[in-house]
S.K.: 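Sharing a structure, written as structure tokens. Questions coming.
All residue numbers in this chain count up from 1 along the given sequence.
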Amino acid sequence: MSFFSHLEPYAGDPILGLNDAFQKDPRTDKVNLSIGIYFDDAGRIPVLDCVRQAEAQMLAESAPKSYLPIEGAAAMRSAVQQLLFGADHEVMKSGRVATLQTVGSSGGLRVGADFLRRWLPGSAIWVSDPTWDNHRAMFEGAGLTVNTYPYYDAGDAKADPPRSAGGLAFDAMLATLRTLPPKSLVLLHACCHNPTGVDLAPAQWQALVPVLRERELLAYLDLAYQGYGDGIAEDAFAVRLLAAEGLSFFVANSFSKSMSVYGERAGALSVVCVDAAEARLALGQLQATVRRNYSSPSIHAAGIVARVLGDPALRAGWEADVAAMRERILAMRRSLHAVLSARCPGRDFGYVLSQRGMFSYTGLSAAQVDRLREDFGVYLVRSGRMCLAGLSTRNVERTAVAMAAVLA
């Protein structure tokens, strides 16, 4: 007797599937700008020296590998809080933040979604249009209704005055959020928006705060790229602002990109509450959520993060590495912009320079993206999202020339 013949076939993840297709492509000059992974100028995933040293210390100690507590390693959780909020922030002094070590920030997002579905059962979540594809899948999988709010401004050449593509539809975003029912959930990218690279400016975050407060909205911040925008502390601006304003909110953060430890699944979930008593309740129910799922997180990931963030020498090396990665991406943005502008005079490619982080929303259509892949071996997500961390001094000009060809 068959129990599973009725199953629907899985179409596969569009980004991971595209990466698989890239690996099978026999062309030697192919360029992978699809998956959100940082590559160095030689096209390799770097192993940071601070991570190598942290792992050497762990190996030398040869400590037993027992289960971690449900909430994760205390040293990592404390280090995460200091990284997010700053060493002397009020939320830590007052004890009103609860932090879990999670299986990547993806695990944190899902644990938070399960928690919210149970304890705020009437609440729906609003995500930016567009957002990372997996956001919708995660929150819908937890049983939450997912809606969208305006975010990316595709531009309008016929408007008065004309608007260039690649901006933020901030007025429309605020107008929508002002209509949401109390206790609605709002997913926000703290920096380096995926997929567009378009971020709120500090003044816009400050304008958002009263809307969240007056409408009684619960923000859920996704911070996967800390350090790739303006700097490690600068990219925590939204987190620290909301905390300083006394708001309750969630923040899921990741070390995959910033420490180049993708497969270690090193992430965290923090919940800022009104007081310490509420934070203890939240932590308890988050522990219960984890216990029903994966029981406890990785001891190796915890050791890497805690040592790198807690050792002054390793921390300094890490900050230098992150700065170097950020500067390399910025250099690729400038090179891409220069070649595109020269090849396509009269077109405005300013968005390449104004967008931040690993990603750029190119405005290319799905058909143009298909042609890039088929004719030139340049792989982008069909939405037109480009991962600039896949560019190098060896392929940036070729990529720009290919883009110009499909834009012609």
Side-chain angles (χ1 to χ4, degrees), residues 13-15 18-19 31-38 126-136 148-157 159 162-173 176 187-201 204 222-225 228-230 235 257 326 329-341 343-344 347-373 376 378-391 396 399-400 402-407:
D13 181 87
I15 297 175
L18 194 61
N19 191 57
V31 183
N32 189 358
L33 308 177
S34 60
I35 193 165
I37 290 178
Y38 177 86
W126 270 257
V127 302
S128 62
D129 181 17
T131 193
W132 180 43
D133 288 340
N134 212 25
H135 279 150
R136 177 177 288 274
T148 61
Y149 59 83
Y151 191 84
Y152 180 73
D153 187 348
D156 185 354
R163 297 195 323 277
S164 298
L168 175 66
F170 187 62
D171 289 344
M173 172 184 171
T176 297
L187 185 75
L188 298 157
H189 300 234
C191 74
C192 305
H193 185 273
N194 181 5
T196 69
V198 177
D199 285 348
L200 276 70
Q204 291 170 324
D222 187 351
L223 181 54
Y225 305 98
Y228 276 50
D230 292 324
D235 290 349
K257 278 75 177 177
R326 180 174 67 252
I329 293 173
L330 286 170
M332 291 302 98
R333 284 189 179 275
R334 290 190 287 267
S335 296
L336 181 67
H337 177 266
V339 179
L340 284 173
S341 297
R343 289 274 177 166
C344 302
R347 282 183 177 266
D348 182 8
F349 294 101
Y351 65 85
V352 177
L353 300 178
S354 63
Q355 294 169 0
R356 300 162 70 251
M358 292 179 69
F359 301 115
S360 178
Y361 225 41
T362 62
L364 294 176
S365 68
Q368 289 170 323
V369 169
D370 290 344
R371 188 182 167 208
L372 268 182
R373 182 183 67 255
F376 300 97
V378 177
Y379 283 69
L380 272 67
V381 181
R382 294 191 85 229
S383 65
R385 186 197 80 169
M386 172 190 289
C387 180
L388 290 109
L391 292 175
V396 64
T399 297
M403 289 178 65
V406 304
L407 285 167

S.K.: Would you call the rings of Tyr351 and Phe349 parallel, tilted or perpendicular if under 30° counts as parallel and over 60° as perpendicular?
M.R.: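 Tilted.
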S.K.: Determine the minimum heavy-atom distance between Ile35 and Ile15, stating which atoms define it.
M.R.: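 Shortest heavy-atom contact: CA-CG2, 3.9 Å.
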S.K.: Report the distance from atom CD of Gln204 to atom CE of Met173, rounding to the nearest 0.5 Å.
M.R.: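 If I round to the nearest 0.5 Å, the distance is 8.5 Å.
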S.K.: Any idea which heavy atoms bring Lys257 and Tyr228 closest together, and the distance?
M.R.: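 Looks like O-OH, 3.0 Å.
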S.K.: Which value, rounded to the nearest 0.5 Å, describes the distance between Asp133 atom CG and Asp13 atom CG?
M.R.: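 Here the rounded value is 7.5 Å.
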S.K.: Grab the two heavy atoms, one from Arg385 and one from Phe359, that are nearest each other, plus how far apart they are.
M.R.: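 Of all heavy-atom pairs spanning Arg385 and Phe359, the closest is CZ-CE2, 3.3 Å.
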S.K.: For the residue pair Gln368 and Thr362, establish whether any side-chain heavy-atom pair is separated by less than 4.5 Å.
M.R.: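 Sidechains of Thr362 and Gln368: no contact.
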S.K.: Would you give the length of the straight line joining atom CZ of Arg333 to atom CE of Met358, rounded to the nearest 0.5 angstrom?
M.R.: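 One finds 10.5 Å between CZ of Arg333 and CE of Met358.
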S.K.: Out of curiosity, Leu200 CG to Cys191 SG, how far, rounded to the nearest 0.5 Å?
M.R.: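 Rounded to the nearest 0.5 Å, the CG-SG separation comes out at 11.5 Å.
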S.K.: If only atom types and distance count, is the side chain of Asp235 paired as donor or acceptor with the main-chain N or O of Gly229 below 3.5 Å?
M.R.: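 Here the side-chain-to-backbone pair exists.
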S.K.: Between Thr148 and Arg136, does the side-chain contact (heavy atoms from CB on, under 4.5 Å) criterion hold? Intermediate values first, please.
M.R.: CA-CA 10 Å; Thr148 61; Arg136 177 177 288 274; 3.6 Å; yes
S.K.: What distance separates Asp370 CG from Leu364 CG, expressed to the nearest 0.5 Å?
M.R.: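 Output value for this atom pair is 11.0 Å.
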S.K.: Among residues at least two apart in sequence or on other chains, which ones pass side-chain contact (heavy atoms from CB on, under 4.5 Å) with Pro150?
M.R.: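 Counting only residues at least two positions away or on another chain, Pro150 forms a side-chain contact (heavy atoms from CB on, under 4.5 Å) with Ala172, Thr176.
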S.K.: Does the side chain of Ser383 reach to within under 4.5 Å of the side chain of Tyr361, using non-hydrogen atoms?
M.R.: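 Counting from C-beta outward, Ser383 and Tyr361 do come under 4.5 Å.
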S.K.: Work out which heavy atom in Val381 is nearest to a heavy atom in Ser34; give both atom names and the distance.
M.R.: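 So the two residues come closest at CG2-O, 3.9 Å.
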S.K.: Verify the neighbour count for atom CZ of Arg343: are there more than 12 heavy atoms of other residues, nucleotides or ligands below 6.0 Å?
M.R.: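 For Arg343, atom CZ is not crowded (no more than 12 foreign heavy atoms under 6.0 Å).
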S.K.: Just verifying a value: how many Å separate Cys192 SG and Ile329 CD1, rounded to the nearest 0.5 Å?
M.R.: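 Here the rounded value is 8.0 Å.
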S.K.: Would a 4.5 Å heavy-atom cut-off, applied to side chains only, mark Arg373 and Leu380 as touching?
M.R.: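 No - every pair of side-chain heavy atoms lies 4.5 Å or more apart.
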S.K.: Over all heavy atoms of both residues, which pair between Met403 and Leu336 is shortest? Give the atoms and the distance, please.
M.R.: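 So the minimum-distance heavy-atom pair works out to SD-CD1, 4.1 Å.
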S.K.: Return yes if a side-chain donor-acceptor contact under 3.5 Å exists between Thr131 and His189, otherwise no.
M.R.: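 A pair is found: one side chain offers a donor N or O, the other an acceptor, under 3.5 Å apart.
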S.K.: Taking the side chain as everything from C-beta on, heavy atoms only, tell me whether His193 gets closer than 4.5 Å to Tyr151.
M.R.: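 Yes, close enough: below the 4.5 Å cut-off.
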S.K.: Are any of the side-chain heavy atoms of Tyr149 and Leu188 separated by less than 4.5 Å?
M.R.: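 When only atoms from C-beta onward are counted, Leu188 and Tyr149 do touch, with a gap below 4.5 Å.
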S.K.: Measure across Cys387 and Ile37 and return the closest heavy-atom pair with its distance rounded to 0.1 Å.
M.R.: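 So the two residues come closest at SG-O, 3.9 Å.
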S.K.: Do the non-hydrogen side-chain atoms of Leu388 and Leu33 ever get within less than 4.5 Å of each other?
M.R.: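 No, their side chains stay 4.5 Å or more apart.
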